[in-house]
Amino acid sequence: MPELEKVEGEDPKTGRATSTWMVNSADGQVAFRQWASDHGVTDFSGPTVRAAGRVVLHRTKGKLQFADIRDWTGDIQLFIGRQQIGEENWELLNQVDLGDIIGVDGELRLTKVGELSIFATKIHFLTKSIEQPPEKFHGLNDPELRQRMRYLDLTYGDGVLPRFLNRTKIVHSIRSTLAAQGFVEIEGPTLHTIAGGAAARPFITHHNTLDMKLYMRIALELHLKRLMVGGMERVYELGRVYRNEGISPKHNPEFTMIEVYQAFGDYRTMMDLTEQMILNAIEALGGEYQLPWGDGQIDFTPPFARRTYNDLFAEHAGVDPLDAAAVKSLAEQIGFDTAGKHPDVIKNEVFEEKVEDALVGPVFVIDYPASICPLTKRKQDNPEVAERFELFIQGMEIANAYTELNDPDLQEELFSSQLAGLSEEDSMAKMDHDFIRALRHGMPPAGGLGVGIDRLVMLLTNSQTIRDVILFPLMREGQ
RNA sequence: GAGGGUGUAGCUCAGUCGGUAGAGCAACGGACUUUUAAUCCGUAGGUCUUGGGUUCAAGUCCCAACACCCUCACCA
């Protein structure tokens, strides 16, 4: 590093690059390949290019060196001859280590063995990497280091950068799908006075000036519904929510969720929207409906199956879901404690145990027991059934949607009646008088949808752990 | 929170029965103008996660702590 400063005009601490050509860009290799096929690969006179990237491989051959540089579009080989770049530049080149970022001017050509390369005329030292990079062949393997030093994982990990760029494409596609249907994106508060809209333990914090207890939001629901009251007829928020729960391959304490509300819609319109959002996201990634998943595949070919909660219950649990006594005895047979619990709570415990893992999907599970859905409108002809669906894929809950309850009196009643067998933490029913007041001013009938973005990205990028789709998952403080 | 696993050089990993700490890559020095993770010769690099204990002797056995991974529970 200190020696570098002896080289005139090249200070790696202040290196600058302008107008660099992307290694794998449309106007780069693609154009060159076209050019090469037009002229025949034996024509060795190529276009002049300028590129910049990190040195990831380096082979020396006396007065000749090969270096592979990498930018976020890909890798390309540099062919660097001592004569071709001159003595002074050659001296500079010999200061370059793996991990450094260099620029190059040269001619794009094929080597004798047909490798597309930049035949350098000038090397520019742009940035010195003082730390040593990971091993060039095995890369960074330790999962702890890959998460703590994500910058190294992104540069050197196979498929890591494309996976996170695909996450961005998926999110962008979702926004496009919604924009095309007239939905507007808003930004609600993340600090809540009541942690409502879902059943989860919140992170608790405090505002000093107001001397007020605050909760990090666990859901987006109740503020978006307030906006529906205010006349924002198609509205959504895509953002982070926080739940003070365990960490697992499917759970991170902060995760990304989208909630969408459509006035004059219902859970069926949300089902169509959900399917469209996912299919468009798949389209954005290349449009293949059969996506790899571990050793198998997921078949996203539309339309996704739509099955009622009760049908699936009967099929997988082997018990009539309407026969509360039979359901209870099955629950006890499994080993659940049923004492003092509401029949629907028991039924749902059995559902989660017997049915959810079997839902390879994609499958929309529709029509849930009303009593476990305090924010959902009941079916007109059957108040025991709520107009709710959940989308399951590979046993994971990906989406959850309702025909939204907009009756303030019923909402108030459901907020205040805790279902037997559910602790306050387990219940979505948390009294929110301010929200009830909003409903009293009239919320249009509506469909509402929530989608776990991280899990959707997992499924579309063949990632078995949520940490592979979150850039900086929560970890304990390192040294 | 419970159970199991892992922790050795910058990175990827060996380390047998408890007996002086190893390799490859990277780094450094040298040779080589068409190479493809791996050319050849040489040099340097370690508080074996941390703290105790057993032992003549501990990377190795025991205990505890810390971090990460897996399974389960909670949750999406």
Side-chain angles (χ1 to χ4, degrees), chain A residues 1 3 44 55-68 75-85 90 94-100 109-117 119-120 129-149 152-153 156-158 197-202 218-220 241-259 349 352-353 356 390-393 395-400 422-423 425-428 450-456 458 464-467 473-479:
Chain A
M1 179 70 181
E3 293 86 341
F44 270 75
V55 180
V56 292
L57 288 174
H58 190 202
R59 297 174 288 282
T60 64
K61 190 83 178 151
K63 299 185 182 65
L64 176 65
Q65 297 189 15
F66 298 89
D68 290 8
D75 292 0
I76 195 164
Q77 173 171 274
L78 309 185
F79 180 108
I80 310 162
R82 184 169 183 170
Q83 259 181 4
Q84 290 84 337
I85 65 169
W90 183 258
N94 289 326
Q95 312 286 347
V96 173
D97 293 323
L98 290 178
D100 293 348
R109 287 202 233 152
L110 299 176
T111 62
K112 280 182 183 170
V113 292
E115 175 87 6
L116 186 65
S117 306
F119 284 65
S129 170
I130 299 166
E131 296 284 346
Q132 291 190 38
E135 210 262 358
K136 67 185 181 186
F137 184 60
H138 300 92
L140 205 58
N141 248 14
D142 183 338
E144 180 171 0
L145 293 181
R146 289 182 51 203
Q147 291 166 53
R148 288 196 193 277
M149 300 201 276
L152 292 180
D153 195 32
Y156 297 100
D158 203 21
R201 289 165 59 193
I218 60 171
L220 312 172
V241 298
Y242 306 86
R243 297 189 182 178
N244 206 338
E245 308 276 1
I247 294 173
S248 85
K250 292 176 187 170
H251 301 87
N252 193 62
E254 55 176 313
F255 63 103
T256 302
M257 167 169 263
I258 186 172
E259 289 196 25
E349 285 177 357
E352 287 173 0
E353 171 74 19
E356 288 189 359
E390 293 194 341
L391 173 63
F392 282 89
I393 304 174
M396 279 199 292
E397 185 194 331
I398 298 303
N400 181 19
L422 283 181
S423 69
E425 275 169 2
D426 289 337
S427 173
M428 279 188 256
V451 180
I453 298 295
D454 312 273
R455 288 183 171 183
L456 180 60
M458 284 170 68
Q464 312 299 308
T465 165
I466 200 168
R467 289 177 226 109
L474 185 67
M475 302 183 83
R476 287 180 206 267
E477 190 177 12
Q479 295 91 346

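The structure presented is a predicted model; accordingly, all values stated were derived computationally and were not measured.
Using a 4.5 Å heavy-atom threshold, the side chains of Ser117(A) and Thr111(A) count as touching. Contact of the Leu391(A) side chain with the Glu397(A) side chain is not registered, since no non-hydrogen atoms from C-beta on lie closer than 4.5 Å. Contact of the Val56(A) side chain with the Tyr156(A) side chain is registered, since non-hydrogen atoms from C-beta on lie closer than 4.5 Å.
If you check every strand for non-hydrogen atoms under 4.0 Å, Met475(A) touches sugar and phosphate atoms only. At a threshold of 4.0 angstrom between heavy atoms, the contacts of Arg467(A) are confined to the sugar-phosphate backbone, with no base atom among them. Heavy atoms of Asp97(A) sit under 4.0 angstrom from primed sugar atoms or phosphate atoms, though from no base atom. Contacts of Arg243(A) with the nucleic acid, taken as non-hydrogen atoms under 4.0 Å apart, include base atoms. As judged by a 4.0 angstrom heavy-atom cut-off over every strand, Gln84(A) is placed among the base-contacting residues. The residue Phe79(A) sits close to a base: some heavy atom pair falls under 4.0 Å. Gly139(A) comes within 4.0 angstrom of the backbone, heavy atoms only, and of no base. Ser248(A) comes within 4.0 angstrom of nothing in the nucleic acid, heavy atoms only. Residue Asn94(A) is classed as having no contact, given no heavy-atom separation below 4.0 Å to the nucleic acid. Residue contacts shown for Ile398(A) are absent, as no nucleic acid heavy atom lies under 4.0 Å away. Asp454(A) comes within contact range of no nucleotide atom at all, as no heavy-atom separation falls under 4.0 Å. Using a 4.0 Å heavy-atom criterion, one finds that Gly452(A) contacts no nucleic acid atom at all.
Nucleotides C70(B) and U33(B) place their P atoms 50 Å apart, quoted to the nearest Å. Taking the C1' atom of each, A26(B) and C61(B) are spaced 35 Å apart, rounded to whole Å. Separating the C1' atom of U49(B) from that of U6(B) is a span of 11 Å, rounded to the nearest Å. G5(B) and C74(B) have their P atoms separated by 24 Å, with the value rounded to a whole Å. Atom C1' of A23(B) sits at a distance of 16 Å from the matching atom of C48(B), rounded to the whole Å. On the C1' atoms, U39(B) is 49 Å away from C56(B), given to the nearest whole Å. Using C1' as the reference atom, U54(B) and U60(B) are 13 Å apart when rounded to the nearest Å. Taking atom P on both A27(B) and G3(B), the two are 46 Å apart, rounded to the nearest angstrom.
With rounding to whole Å, Glu131(A) atom CD is found 10 Å from C11(B) atom P. Distance CG (Leu57(A)) to C1' (U34(B)): 16 Å, rounded to an integer number of Å. Separating the CD atom of Glu144(A) from the C1' atom of G5(B) is a distance of 14 Å, rounded to the nearest angstrom. When the C1' atom of U33(B) is taken as reference, atom CD1 of Ile80(A) falls 12 Å away, rounded to whole Å. Following rounding to the nearest Å, Arg146(A) (CZ) and U12(B) (P) show an atom-to-atom distance of 11 Å. Atom NZ in Lys61(A) sits roughly 10 Å away from atom P in U39(B) (whole-Å rounding). A straight line from NE2 of His138(A) to P of C13(B) spans 7 Å, rounded to a whole angstrom. Taking atom CD of residue Glu397(A) and atom P of nucleotide C74(B), one finds them 14 Å apart after rounding to whole Å.
Distances were taken from every side-chain heavy atom of Phe119(A) (C-beta onward) to each of U34(B), U12(B), C68(B); the shortest belongs to U34(B). Looking at the side chain of Glu135(A), the nearest of the listed nucleotides G10(B), C11(B), U35(B) is C11(B). Side chain of Lys63(A), nearest nucleotide from A26(B), C32(B), U35(B): C32(B). The nucleotide whose nearest atom lies closest to any side-chain atom of Phe66(A) is, among U34(B), C11(B), U71(B), U34(B). Closest to the side chain of Glu115(A), from the set A67(B), U35(B), A26(B), is U35(B). Residue Arg455(A) has its side chain nearest to A76(B) when only A26(B), A76(B), C68(B) are considered. Distances were taken from every side-chain heavy atom of Thr60(A) (C-beta onward) to each of U39(B), U71(B), G24(B); the shortest belongs to U39(B).
Of the side-chain N and O atoms in Arg201(A), none sit less than 4.0 angstrom from OP1 or OP2 of C74(B). Under 4.0 angstrom from either OP1 or OP2 of C32(B) there lies no side-chain N or O belonging to Gln65(A). Under 4.0 angstrom from either OP1 or OP2 of C11(B) there lies no side-chain N or O belonging to Asn141(A). Within the structure, every side-chain polar atom (N or O) of Arg82(A) is placed at least 4.0 Å from both OP1 and OP2 of U33(B). In terms of phosphate contacts, Arg148(A) brings a side-chain nitrogen or oxygen within less than 4.0 Å of OP1 or OP2 of C68(B).
Here Phe255(A) counts as stacked on A76(B): its ring centre is under 5.5 angstrom from the base ring centre and the planes meet at under 30°.
Note on ring orientation: taking the six-membered ring where Trp is involved, the planes of Phe66(A) and Phe79(A) are perpendicular (angle over 60°, cut-offs 30° and 60°).
The partner of A27(B), taking Watson-Crick or G-U wobble pairs whose two distances both stay under 3.5 Å, is U43(B). When both distances must be under 3.5 Å, the Watson-Crick or G-U wobble mate of U35(B) does not exist. With both pairing distances under 3.5 Å, C72(B) is matched to G1(B) as a Watson-Crick or G-U wobble pair. With a 3.5 Å ceiling on both atom-pair distances, U16(B) lacks any Watson-Crick or G-U wobble partner. Of the nucleotides present, C66(B) is the one that pairs with G7(B) by Watson-Crick or G-U wobble criteria, both distances under 3.5 Å.
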Open item on the list: Would Arg243(A) and Arg201(A) count as a side-chain contact (heavy atoms from CB on, under 4.5 Å) here? Give the steps.
Closed with: CA-CA 6 Å; Arg243(A) 297 189 182 178; Arg201(A) 289 165 59 193; over 6 Å; no

- [ ] Might you work through the side-chain hydrogen bond (donor to acceptor under 3.5 Å, both in side chains) test for Gln132(A) and Asp97(A), ending with a clear yes or no?
- [x] CA-CA 9 Å; Gln132(A) 291 190 38; Asp97(A) 293 323; over 6 Å; no

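If you run side-chain contact (heavy atoms from CB on, under 4.5 Å) between Pro134(A) and each of Leu140(A), Asp142(A), Leu145(A), only Leu140(A) comes through.
For Thr111(A) and U35(B), a side-chain-to-base donor-acceptor distance below 3.5 Å is present, hydrogens and geometry of angles not being considered.
Ion pairing between Asp454(A) and Lys250(A) fails under the 4.0 Å rule for side-chain N and carboxylate O.
Where Asp142(A) and Phe137(A) meet RNA chain B, the nucleotide closest to each residue was compared, and Asp142(A) sits on the side nearer the 5' end.
When atom types are taken as modelled, the side chain of Asp100(A) and the backbone of Val55(A) share no donor-acceptor pair closer than 3.5 angstrom.
A donor and an acceptor atom, one from each side chain of Glu135(A) and Asn141(A), are nowhere located under 3.5 Å apart.
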